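Just so you know, these numbers come straight off a predicted model, no measurement behind them. Just follow the structure's listing: the first ligand is 1, and inside any ligand the first atom is 1.
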Amino acid sequence: MKSYKVIVTGPFNAGKTEFVRTASDIEIVTTERRITDPQMVREDKGETTVAMDYGHKRLGDATIHLYGTPGQARFEFMWKILSREMDAFILLVDSSDKASLMDVKQIIRLFRKQAHVPYLVVANKQDKDKVLSTQEIRKLLSLPDEVMIVPCVATDPASVKQVLILATQMLES
Ligand SMILES: Nc1nc2c(ncn2[C@@H]2O[C@H](COP(=O)(O)OP(=O)(O)OP(=O)(O)O)[C@@H](O)[C@H]2O)c(=O)[nH]1
Ligand SMILES: [Mg+2]
């Protein structure tokens, strides 16, 4: 039985907790707290992850342990703790929020520094109006050709499963 530790990271509000929740075979462990900064509150979002999300998913003969990170930079100290001994990371972005992509290069750099593991980028919230395409996001993030970017809707189990299948293939190649 293979076991992988995969980090789900990305900027504030990208859909990390939703992704882990949809992916997981078990009810996830979350550490969501009410957002205290009024400027950060969104119409459909009153809570934010302050430490981690945890869930796991069985895929074939592998178990993927998924650790969602906080998105706000002030909880960045958790990123280092969570990324210890990771096998890969998944970088989620909100395809409907171009401004949020500003922070993403920095997040990738930070995780690459922790360990030289493979990663893939998920262009989340593709169900929304006026979203950036995967090509546009690739360009904005200057992603090298060898890094996969996958469209996704984190509320849709089939979409999330597809990402995990690709992540597993990446881990096993
Ligand atoms: N339409 C749509 N909404 C989504 C999708 N994924 C997540 N959301 C919504 O986006 C909001 C943010 O999702 P979260 O999972 O809390 O985001 P997060 O990245 O964990 O946020 P932080 O922990 O605060 O950084 C929630 O209201 C989700 O329901 C998606 O694919 N499509
Ligand atoms: Mg969260």
Side-chain angles (χ1 to χ4, degrees), residues 5-57 64-83 86 88-111 114 119-134 136-138 140-141 148-167:
K5 177 177 180 180
V6 175
I7 305 301
V8 179
T9 191
F12 174 71
N13 198 45
K16 302 174 293 293
T17 301
E18 195 74 49
F19 184 93
V20 175
R21 182 179 290 123
T22 302
S24 183
D25 293 332
I26 57 159
E27 196 175 321
I28 63 168
V29 179
T30 59
T31 58
E32 292 194 282
R33 295 291 180 272
R34 197 167 46 80
I35 298 171
T36 46
D37 180 349
Q39 288 199 326
M40 302 294 269
V41 178
R42 305 284 194 277
E43 184 183 304
D44 59 345
K45 180 169 171 71
E47 295 197 318
T48 189
T49 304
V50 297
M52 64 179 279
D53 312 304
Y54 172 77
H56 58 72
K57 169 80 179 166
I64 305 176
H65 298 274
L66 292 162
Y67 292 81
T69 72
Q72 296 184 70
R74 64 193 173 100
F75 299 116
E76 191 184 301
F77 66 95
M78 279 306 300
W79 299 354
K80 285 189 184 164
I81 295 170
L82 294 173
S83 62
M86 65 179 166
F89 67 93
I90 295 175
L91 194 287
L92 246 76
V93 302
D94 180 344
S95 313
S96 69
D97 182 2
K98 194 173 179 180
S100 73
L101 295 177
M102 297 265 292
D103 304 333
V104 173
K105 280 190 189 183
Q106 176 64 17
I107 298 175
I108 294 177
R109 215 172 297 131
L110 202 139
F111 275 86
Q114 304 308 310
Y119 71 101
L120 63 81
V121 176
V122 169
N124 193 33
K125 306 198 189 182
Q126 285 287 324
D127 59 316
K128 291 193 125 184
D129 295 337
K130 292 200 206 128
V131 290
L132 294 163
S133 68
T134 53
E136 286 168 318
I137 294 169
R138 178 182 290 283
L140 287 164
L141 298 180
M148 239 190 303
I149 172 159
V150 192
C152 180
V153 178
T155 47
D156 173 10
S159 175
V160 169
K161 189 174 176 189
Q162 186 54 33
V163 173
L164 293 179
I165 289 170
L166 292 169

What heavy-atom pair brings [X] and [Y] nearest, and what distance separates the two atoms?
X      : Y      : result
Asn124 : Ser95  : O-OG, 2.6 Å
Thr17  : Ile28  : O-CD1, 4.0 Å
Gly55  : Ser24  : CA-OG, 3.4 Å
Val153 : Gln126 : CG2-N, 4.1 Å
Val131 : Glu136 : O-OE1, 4.3 Å
Ile35  : Lys45  : CD1-O, 3.9 Å

With a 3.5 Å distance limit and no angle check, can you tell me whether Thr134 reaches the backbone of Pro151 through a side-chain donor-acceptor pair?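 Side chain of Thr134 to backbone of Pro151, a donor-acceptor pair under 3.5 Å: no, none is there.
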Looking only at atom types and distance, does a side-chain atom of Ser83 sit under 3.5 Å from a main-chain N or O of Lys80, one as donor and one as acceptor?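 Checked: pair present.
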Part of [X] with heavy atoms under 4.0 Å of ligand 1, whether side chain, backbone, both or neither:
X      : result
Asn124 : side chain
Thr48  : both
Lys128 : side chain

[atom]: which protein heavy atom is closest, and how many Å away?
atom                    : value
atom 11 (C) of ligand 1 : Asn13 OD1, 3.4 Å
atom 23 (O) of ligand 1 : Thr49 OG1, 2.9 Å
atom 18 (P) of ligand 1 : Lys16 N, 3.5 Å
atom 29 (O) of ligand 1 : Glu18 OE1, 3.0 Å
atom 31 (O) of ligand 1 : Ala154 N, 2.9 Å
atom 10 (O) of ligand 1 : Lys125 NZ, 3.1 Å
atom 1 (N) of ligand 1  : Asp127 OD2, 2.9 Å
atom 21 (O) of ligand 1 : Lys45 NZ, 3.1 Å

Vertex the Mg ion (ligand 2): angle to OG1 of Thr17 and OG1 of Thr49, to 10°?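 The angle at the Mg ion (ligand 2) comes to 90°, rounded to the nearest 10°.
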Once the angle between the rings of Tyr119 and Phe89 is folded into 0 to 90°, is it parallel (under 30°), tilted (30 to 60°) or perpendicular (over 60°)?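 Ring orientation of Tyr119 relative to Phe89: parallel.
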Of the listed options (Gly71, Gly15, Pro70, Ser159), which comes nearest to atom 13 (O) of ligand 1 when hydrogens are ignored and any heavy atom counts?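 Checking each option, the heavy atom nearest atom 13 (O) of ligand 1 is found in Gly15.
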Taking everything shown except Met102 itself, do over 12 heavy atoms lie less than 6.0 Å from its CE?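 Atom CE in Met102 is not packed in, count stays at 12 or less.
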Closer than 4.0 Å to some heavy atom of Phe12 - which atoms of ligand 1 meet that?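 Listed by number with element: 24 (O), 25 (O).
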Can you check whether Val153 has an N/O within less than 3.5 Å of an N/O in ligand 1?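 For ligand 1, there is no N or O atom that lies under 3.5 Å from one belonging to Val153.
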Looking only at distances, can you tell me whether any N or O atom of Gln126, backbone or side chain, sits closer than 3.5 Å to an N or O atom of ligand 1?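 There is no such contact.
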